[in-house]
2 protein chains.
Amino acid sequence: MTSSHSFTAASPVYTYQRIVEQIEHAILSGDFPVGSQLPSERDLMGQFGVSRPTVREALRVLQSMGLLEPRPGTRGGPVVLAPSPDTLGRSFRTMLGTASLDLAELLQYRIILDGSASELAAIRHTDAELALMREAVERMRESAEADAPDFADADLAFHERVWEASGNQILALSGHAVWGALRDLLQRDAERSPGDNSVKLESVRIDTGLFEAIERRDAAEAGRIARTALADRFSSMLSESDQRALEQFLGRAQ
Amino acid sequence: MTSSHSFTAASPVYTYQRIVEQIEHAILSGDFPVGSQLPSERDLMGQFGVSRPTVREALRVLQSMGLLEPRPGTRGGPVVLAPSPDTLGRSFRTMLGTASLDLAELLQYRIILDGSASELAAIRHTDAELALMREAVERMRESAEADAPDFADADLAFHERVWEASGNQILALSGHAVWGALRDLLQRDAERSPGDNSVKLESVRIDTGLFEAIERRDAAEAGRIARTALADRFSSMLSESDQRALEQFLGRAQ
DNA sequence: TGCACCAAGTGGCCTTACCATCTATCCTGT
DNA sequence: ACAGGATAGATGGTAAGGCCACTTGGTGCA
């Protein structure tokens with residue numbers, strides 16, 4: 001009879017990878033708090049019993065994970081960095097960049113994120129966050145009325161404030177990444193009409209409504225506005241079947 | 001008078017970093033599709049005009065981002081990988097480990113993703129996807145009743161099928177990443193009672209209800225089940241204020 | 001006391017080299 | 001003619017040694 005034992009994959013273990021794991025574990029377990037220094041490359045090369053290129057490869061990987069930063073000079077050595085959400089955002093971006101994404105998927109994902117973020121922002125925003133959002137809407141209005149070229153920046157700024165007011169930085173980071181991917185996709189596909197002022201003014205009108213819903217803590221309405229705004233703005237670029245699926249997801253059909 | 005020109009920081013540019021950027025851009029812009037090969041290290045060393053350790057450091061970084069995989073042998077060379085949730089999940093875990101992310105945020109994010117994925121799966125699942133989900137639920141039930149150790153795998157398999165049935169691969173990738181991070185966190189924090197069969201049976205009961213809601217295309221109910229299941233299962237690990245915010249977000253309070 | 005200088009150590013990069021492994025090809029045996 | 005194994009070449013993994021620019025900390029001079 002065959003044994004029920006299942007074998008695990010026998011992938012080779014590279015020495016640089018084991019160094020990464022050891023140092024990573026040492027940092028995450030608190031042996032090297034933020035701001036502390038690791039031994040220099042030449043010391044590590046002795047401690048691990050490997051050559052310098054090998055420890056350098058390991059340090060590069062840890063560096064790209066945002067855990068370390070090199071520091072030259074006497075009494076130098078790699079220093080442990082404070083955790084930054086940047087790497088998480090970069091992971092989102094590379095994942096979105098390599099995935100062969102179609103517009104429908106990306107739009108759908110952004111509708112999910114923005115809708116939820118708007119609901120959360122309505123529920124748990126603080127006065128300071130509300131003030132920042134109000135200021136951003138005002139800047140959007142000014143930019144649209146002056147037909148200034150920085151409207152896209154002002155638009156993004158407002159949505160960033162909403163993401164932040166959601167109190168969930170994963171939402172903020174992924175929202176930013178998806179926003180960038182969507183922008184890249186559209187920029188590549190079609191040359192937008194940048195001078196069309198009515199579109200800008202319509203955006204201002206919608207975002208003002210979103211802001212007011214958030215202000216009066218009407219989560220359901222805030223989420224609804226955010227979702228339908230995105231759907232209305234982009235649905236014309238989708239195929240007919242994707243449009244129908246989107247409508248159904250938003251609960252308008254049926 | 002002083003000029004109004006503002007200078008930008010003059011940070012040093014490392015050559016290995018420029019290689020990373022060039023290769024990353026080439027991959028993300030589609031010049032090297034998934035599965036294609038880059039020139040070998042020795043070739044790249046010639047093309048970039050640098051030494052082999054330097055191109056190796058660059059390749060290591062790209063490798064740790066999940067973009068590449070080395071491939072030895074004649075006609076070898078670094079291979080471009082398909083996007084994987086692994087690196088995103090690792091970023092989540094790193095941020096959790098360094099305490100710049102808390103459990104509440106991650107749970108909230110997973111509730112948003114799983115809820116939306118379940119709604120979408122209810123709307124647009126195909127017969128084949130439904131069969132796969134039914135099969136996965138069945139495997140969960142068998143594993144729970146036999147008290148087998150592979151229950152966690154069966155549980156994950158069911159949720160993977162739901163993510164896939166949502167028709168949105170971004171949802172599937174990020175769902176997978178968050179799931180992995182959450183699992184690691186719990187595994188580390190507390191030694192769960194693996195023999196507690198009632199918990200498994202309860203999970204089976206809930207997921208069966210979710211499956212049936214998806215089967216009858218009841219999107220609202222499917223979303224509700226997915227969200228409340230996650231909240232009920234994990235909320236006891238949250239602080240009291242986070243629990244209240246979660247309840248409010250789910251629309252039960254008020 | 002202040003400041004310029006200097007020496008030591010650090011990371012950044014290079015050169016050369018060897019090894020295990022994998023792939024493609026060829027060559028042999030059938 | 002074909003199947004299969006041996007072989008040769010290229011690849012990535014790792015090592016050793018060395019040079020350079022720069023940062024740092026102390027030292028000695030004004």
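Just so we're on the same page: letters track the sequence lines, and every chain starts at 1.
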Round to a whole Å and report the spacing from [atom1] of [X] to [atom2] of [N].
X     : N      : atom1 : atom2 : result
B:E57 : D:dG12 : CD    : P     : 16 Å
B:R18 : C:dG12 : CZ    : C1'   : 14 Å
B:D43 : D:dA10 : CG    : C1'   : 10 Å
A:R60 : C:dG11 : CZ    : C1'   : 8 Å
A:E69 : D:dC22 : CD    : C1'   : 15 Å
A:E41 : C:dC13 : CD    : P     : 11 Å
B:Y14 : D:dA21 : OH    : P     : 16 Å
A:Q17 : D:dT14 : CD    : P     : 10 Å

A:V50 vs B:G77, nearer the 5' end of DNA chain D by closest nucleotide: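 Taking each residue's closest nucleotide, the earlier one in sequence belongs to B:G77.
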Close side-chain approach of A:L103 to A:L182, heavy-atom, < 4.5 Å: yes
Min side-chain heavy-atom separation B:Q47-B:P39 under 4.5 Å: yes
Residue that, paired with A:V20, satisfies side chain to side chain contact (heavy atoms under 4.5 Å, CB included) out of A:E57, A:M65, A:H25: A:M65
With the criterion being N/O to N/O and under 3.5 Å, what pairs connect the protein with nucleotides 16-27 of chain C, and how long is each?
from: C:dT23; atom 1: O2; to: B:T74; atom 2: OG1; distance (Å): 3.3

Between CG on residue B:L88 and CZ on residue B:R93, distance to nearest 0.5 Å: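 That separation rounds to 9.5 Å.
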Reported CZ-to-CD distance for the pair B:F32 and B:Q37, which is rounded to 0.5 angstrom: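 B:F32 CZ to B:Q37 CD: 10.5 Å, rounded to 0.5 Å.
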A:S51 side chain, from C-beta outward: closest of C:dC14, D:dT14, C:dG12: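 Of the options given, the side chain of A:S51 lies nearest D:dT14.
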Donor-acceptor pair between B:T54 and B:T15 side chains, under 3.5 angstrom: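 Side-chain D/A pair, B:T54 to B:T15: absent.
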Geometric class of the B:Y109/A:F92 ring pair [parallel <30°, tilted 30-60°, perpendicular >60°]: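 Correct class here is perpendicular.
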Below 4.0 Å: OP1/OP2 of C:dC14 and any side-chain N or O of A:R56: no
Phosphate OP1/OP2 of C:dG12 contacted by B:T54 side-chain N/O (<4.0 Å): no
